[in-house]
Amino acid sequence: MALAGETTAAAITITLPDGAQRTFDRPVTGAELAADIGPGLAKAALAIRLEGAVKDLAHVIDADAEVSIVTARDADALELIRHDAAHILAEAVQELWPGTQITFGPATEDGFYYDFHRKEPFSPENFEQIEAKMAEIVDRNETITRHVWDRADAVAHFEKAGETFKAEWVGQLPDGEDISIYSQGDWLDLCVGPHLPSTGKLPKAFKLMKVAGAYWRGDPKNPQLQRIYGTAWRDPKELKAYLHRLEEAEKRDHRRLGRDMNLFHIQQEAVGSVFWHPHGWTLYRTVERYMRARLENADYVEVKTPQLIDRELWERSGHWEKFREHMFVAEVDESPSADMADHDVEHHDGTGGDNKKMLALKPMNCPAHVQIFRQGIKSYRDLPLRMAEFGSCHRYEPSGALHGIMRVRAFTQDDAHIFCTEDQINSESKIFCDLLIQIYKDFGFEDVLIKFADRPPVRAGDDATWDRAEEALRQAIEETGLPYEMNPGEGAFYGPKLEYVLRDAIGRDWQCGTLQVDFVLPERLDAKYVGEDGATHRPVMLHRAILGSFERFLGVLIEHYAGRLPMWLAPVQAMVATIVSDADDWATQVKQAAADAGLRVETDLRNEKINYKVREHSLAKIPALLVVGKREAEEGTVTIRRLGQKEQETLPLDAAIAALQQNAKPPISL
RNA sequence: GCCGCAAUAGCUCAGCUGGUAGAGCAACUGAUUUGUAAUCAGUAGGUCGGGGGUUCGAGUCCCUCUUGCGGCACCA
């Protein structure tokens, strides 16, 4: 190995992150480079980053390059650690249960998983045993080595080993791609890497979390595998912190808060539908009032359309064909029944029997809105027509999809359809984006992920129309200056769409808002208007929602704030709590005055200590506690204690109410 | 829908290898009139999710249905 500064004919120069350069007279591995820099680094080295890409420590650097050494402190280290943890999990499982097939096991955001195929189910009770075996493999410190195999050899190897999934996978790798095999001790797996140099480098800061089913290659038609999830960190302290974070996240779960705050419940006689309690419904109505105010401001008209609509309309709209399995249907027999016939003779039409009618609960509002649009003759002067509805929809969701109030079978969309000309798509989209961002901001969501979903492989409409629609939408989103990413091929079959995604407190992404361009439905349901030229034209429909559904959005909102809603949204904005019963009268007057001022306020006159009341109302997340004791009653004051703050402020009643009104002011007058 | 796990008092949970249910909080009653995150005492409350089976005996073991939870798939 050459010293820095020395040059030879075949020298390679490696530039380190600090700009320092090292020159070698022959290709070197990452490990050799680390050793050359220093023995401490050689020991800590886990991998290298070569021109930005993470590679094994054993990777040979054979040309001038920028290289850095990845150690545990590095951001990239976590992914390496987790990917190795997945492999070590797989080795442990195969050692414990020979005959189990390995398939696939990547690192994830907070950990890793590995999918196995085995007849007998794994259960969480096995975790301790598996973790012990994993620790054993770490202690063995097996060297991890990358090999490149011939494809046929690899297929033969995996078939011989009974690894049919692996064999299938290798067989389907694209031609020309290296068949990269990693071995650790006697165990090996097909994997692109990179990996740690040996199993002993895996910190003992991993934990298996859960076992779940997963389909091979994500397709329900394929066999189901058993997925074991785990988490892995740099050290036990990080692991502990992560587990603590999970506990904290659980505390803001909207299902738990919904019960604790007495907002709603769901019970088994109405699976997927919400029973809103008084406080929850107050929150709901506040959001609804706010939305109504925003829509009125934005020149929307509001409508209300039927829940039950004849199958015939759904057939015309195409929903019966595309959406049938998600629809609740009701069959009614309109012919008089035997015991009714006597009382109902006038309806007896004598046709004898088959008067069955099939109705469906609407899963969407759009066909109904077209019906309103079609009443009377529309002119180009009527466009754009923005038709909004807080539309109650029912969809038969698969049982496994249900989740609190975030994913239900009966929900209300803040739906609207903008009937416009093709030329208006751009401006309407832009206006909509602005409105949506404003509304999200009002609710405290600053970061919104926008996805542009363009034409799917199977679609309606010709390419020229798609070109125009996508271009109009793209221009609109670009003019807003908002960042967005592409979601290729994920558009609706009738048009491209923008998806607006919020991230909740537990890190889950929820798609709430949407904007979809639709050329198909106006055609199918024969919506038309008279243009400037006197001829009949088809309007374009923009389907759009901002909250998505009230149910889901309220769930997101509750989790986002961990129940501590901004005062304008809080179901109970203030609680008047007495210290002594002598203050009851004054407390009642305080409550009345606050209520007269438009505040949502309740009293707590119970014979309990103030400590008890403070605790209880704090846990109930009530933003303001108005404490009145003997002193306040005598002076005509109240003492305000705000949620989460120990400091108190005693004010004359008028001043206190004015202050609360200020805090409770909604973003737009409701 | 699929895989796994679970269901015991209003809530949170205990109940070991089968021997006819227990705690804390909440509720109710009484005492206490209290100054910023749980005052004290007492009382009541459960055909152990539904159905079936094994057993002398089932909360506990088996089957089945329902619902919930975590994933997968689906998705506002």
Side-chain angles (χ1 to χ4, degrees), chain A residues 108 113 115 120-126 209-229 250 253 255-256 259-260 262 265-272 325-326 363-365 391 393 395-409 411-415 499-502 509-514 516 543-553 555-556 577-584 605-620 625-632 639-648 650:
Chain A
T108 61
Y113 66 78
D115 286 347
E120 298 73 30
F122 291 114
S123 111
E125 284 167 24
N126 302 131
M209 303 296 286
K210 51 201 171 195
V211 50
Y215 301 109
W216 169 239
R217 298 169 157 236
D219 189 337
K221 289 197 279 290
N222 288 337
Q224 191 154 30
L225 309 171
Q226 298 187 61
R227 176 171 296 180
I228 297 178
Y229 281 91
E250 215 173 289
D253 188 309
R255 292 165 299 188
R256 180 195 177 109
R259 193 183 55 228
D260 291 351
N262 195 10
H265 83 273
I266 293 175
Q267 66 186 47
Q268 75 178 63
E269 290 84 352
V271 173
E325 59 183 24
H326 296 288
M364 295 175 190
N365 308 298
C393 295
R395 293 185 193 169
Y396 188 78
E397 296 292 338
S399 57
L402 301 177
H403 177 86
I405 63 171
M406 301 252 221
R407 194 71 189 276
V408 287
R409 289 178 174 158
F411 55 95
T412 306
Q413 291 180 316
D414 65 317
D415 199 8
E499 298 167 333
Y500 304 85
V501 179
L502 296 180
D509 284 339
W510 294 98
Q511 194 210 307
C512 291
T514 183
Q516 309 175 7
H543 305 246
R544 43 111 295 170
I546 294 173
L547 309 182
S549 86
F550 278 78
E551 287 76 6
R552 166 178 294 186
F553 189 78
V556 173
T578 51
I579 295 171
V580 293
S581 51
D582 286 347
D584 285 3
L605 308 181
R606 292 175 303 171
N607 179 9
E608 293 291 351
K609 297 186 86 153
I610 194 63
N611 283 304
Y612 182 90
K613 296 185 181 182
V614 166
R615 178 181 155 78
E616 192 161 284
H617 301 306
S618 298
L619 289 174
L625 196 55
L626 308 183
V627 178
V628 297
K630 215 171 168 178
R631 213 164 55 220
E632 287 82 357
T639 297
I640 303 181
R641 183 197 209 272
R642 290 198 160 71
L643 180 57
Q645 293 178 3
K646 265 189 116 63
E647 302 73 44
Q648 301 139 41
T650 303

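Remember, it's a predicted structure, so these values are computed and weren't measured experimentally. The figures here come from the full heavy-atom set of this structure, side chains too, leaving out hydrogens, waters and symmetry mates. Per chain, numbering begins at 1; letters A, B, ... match sequence-line order.
By the side-chain contact (heavy atoms from CB on, under 4.5 Å) test, A:A212 pairs with A:Y229, sequence neighbours left out. With sequence neighbours excluded, no residue satisfies side-chain contact (heavy atoms from CB on, under 4.5 Å) with A:N611. Every residue two or more places apart in sequence or in another chain was checked for a salt bridge (Lys or Arg N to Asp or Glu O under 4.0 Å) with A:E608, and none qualifies. Annotation: side-chain contact (heavy atoms from CB on, under 4.5 Å) contacts of A:I579 (sequence neighbours excluded): A:I610, A:V627. Applying the ring pair (Phe, Tyr, Trp, His ring centres under 6.0 Å) criterion to A:F411, with sequence neighbours excluded, gives no partner residue. Not counting sequence neighbours, the partners of A:D415 by the side-chain contact (heavy atoms from CB on, under 4.5 Å) test are A:N365, A:Q413, A:H417. Residues that satisfy the ring pair (Phe, Tyr, Trp, His ring centres under 6.0 Å) test with A:H326, not counting sequence neighbours, are A:F323.
When the P atom is compared between B:A14 and B:A6, the two are found 12 Å apart, to the nearest whole Å. Nucleotides B:G15 and B:G19 place their C1' atoms 14 Å apart, quoted to the nearest Å. B:U60 and B:U20: their P atoms are spaced 14 Å apart (whole Å). Comparing the P positions of B:A37 and B:A44 gives an interatomic distance of 34 Å, to the nearest angstrom. Spacing of P atoms, B:G50 relative to B:A7, comes out at 13 Å, to the nearest Å. Only the C1' atoms considered, B:A23 is 31 Å distant from B:U55, to the nearest whole Å. Between the P atoms of B:G30 and B:U12, the separation comes to 30 Å (whole Å). B:G4 and B:U43 have their C1' atoms separated by 43 Å, given to the nearest Å.
Within 4.0 Å (heavy atoms only), A:G513 reaches no atom of the nucleic acid at all. Across all strands shown, A:A401 has heavy atoms under 4.0 Å from base atoms, whether or not it also approaches the sugar-phosphate. Note on A:Y229: only backbone sugar-phosphate atoms sit closer than 4.0 angstrom, heavy atoms only; bases stay farther off.
Atom CD of A:Q267 has more than 12 neighbouring heavy atoms from other residues, nucleotides or ligands inside a 6.0 Å radius.
Remark: A:S581 OG to A:L605 CG distance equals 9.5 Å, nearest 0.5 Å. Atoms NE2 and CZ, from A:H265 and A:R255 in turn, are 16.0 Å apart once rounded to the nearest 0.5 Å.
Looking at heavy atoms from C-beta onward, A:L619 lies out of side-chain contact with A:D260 at the 4.5 angstrom threshold. Within the 4.5 Å cutoff, the side chain of A:S399 has heavy atoms near those of the A:R409 side chain. Side chains of A:I640 and A:L626 form a contact here, defined as non-hydrogen atoms less than 4.5 Å apart.
No donor-acceptor pair under 3.5 Å is formed between the side chain of A:D582 and the backbone N or O of A:K630. A:E616 contributes no side-chain N or O that, together with a main-chain N or O of A:K613, makes up a donor-acceptor pair within less than 3.5 Å. With A:E551 contributing its side chain and A:T412 its backbone, the two residues share a donor-acceptor pair below 3.5 Å.
Atoms CD (A:E269) and C1' (B:G49) sit 11 Å apart, rounded to a whole Å. Rounding to whole angstrom units, CD of residue A:E325 and C1' of B:C75 are separated by 12 Å. If you take OH of A:Y396 and C1' of B:A76, they are 18 Å apart, rounded to a whole angstrom. Distance A:K613 NZ to B:U33 P: 15 Å, rounded to the nearest Å. Distance, A:L402 CG to B:G70 P: 12 Å, rounded to whole Å. We find that OH of A:Y113 is positioned 8 Å from P of B:C72, with the value rounded to whole Å. Whole-Å rounding puts the A:H403 NE2 to B:A73 C1' distance at 17 Å. The distance from atom CD1 of A:I405 to atom C1' of B:C69 is 17 Å, rounded to the nearest whole Å.
With B:G1, B:U33, B:G71 as the candidates, the nucleotide lying closest to the side chain of A:R227 is B:G71. When distances are taken from the side chain of A:R255 to each of B:A76, B:A73, B:G70, the shortest belongs to B:G70.
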Summary of protein contacts for nucleotides 3-18 of chain B, nucleotide by nucleotide, where a base hit scores B, a sugar-phosphate-only hit scores S (4.0 Å, heavy atoms): BS------SS------
Contact state string [nucleotides 35-40 of chain B, B base, S sugar-phosphate only, - no protein heavy atom under 4.0 Å]: BBBBB-
Working for side-chain contact (heavy atoms from CB on, under 4.5 Å), residues A:R641 and A:K646: CA-CA 7 Å; A:R641 183 197 209 272; A:K646 265 189 116 63; 4.0 Å; yes
Verdict with supporting geometry, A:E632 and A:T639, side chain to side chain donor-acceptor pair (under 3.5 Å): CA-CA 7 Å; A:E632 287 82 357; A:T639 297; 2.5 Å; yes
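Nearest-nucleotide assignment on RNA chain B puts the 5′-proximal partner with A:G272, out of A:R395 and A:G272. Summary of the strand contacts: A:G218 and A:F411 both lie near RNA chain B, and taking for each the nucleotide with the nearest heavy atom, the more 5' one is attributed to A:G218.
Electrostatic pairing of A:R217 and A:D219 does not count as a salt bridge here, judged by no charged N lying under 4.0 Å from a carboxylate O.
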Pairs: protein N or O with nucleotides 41-44 of chain B N or O, under 3.5 Å:
none

Check the interface with nucleotides 59-67 of chain B: list each N/O to N/O pair with the protein under 3.5 Å, or write none.
residue	atom	partner	partner atom	Å
B:U66	O2'	A:Q268	NE2	3.2

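Of the side-chain N and O atoms in A:S581, none sit less than 4.0 angstrom from OP1 or OP2 of B:U33. Dashed line: the shortest gap from a side-chain N or O of A:R407 to OP1 or OP2 of B:C74 is not under 4.0 Å.
One donor-acceptor pair, N or O on each side, does fall under 3.5 Å between the base of B:A76 and the side chain of A:E397.
With a cut-off of 3.5 Å on both pairing distances, the Watson-Crick and G-U wobble pairs of RNA chain B assemble into stems of 3 or more at B:1-7 with B:66-72, B:10-13 with B:22-25, B:27-31 with B:39-43, B:49-53 with B:61-65.
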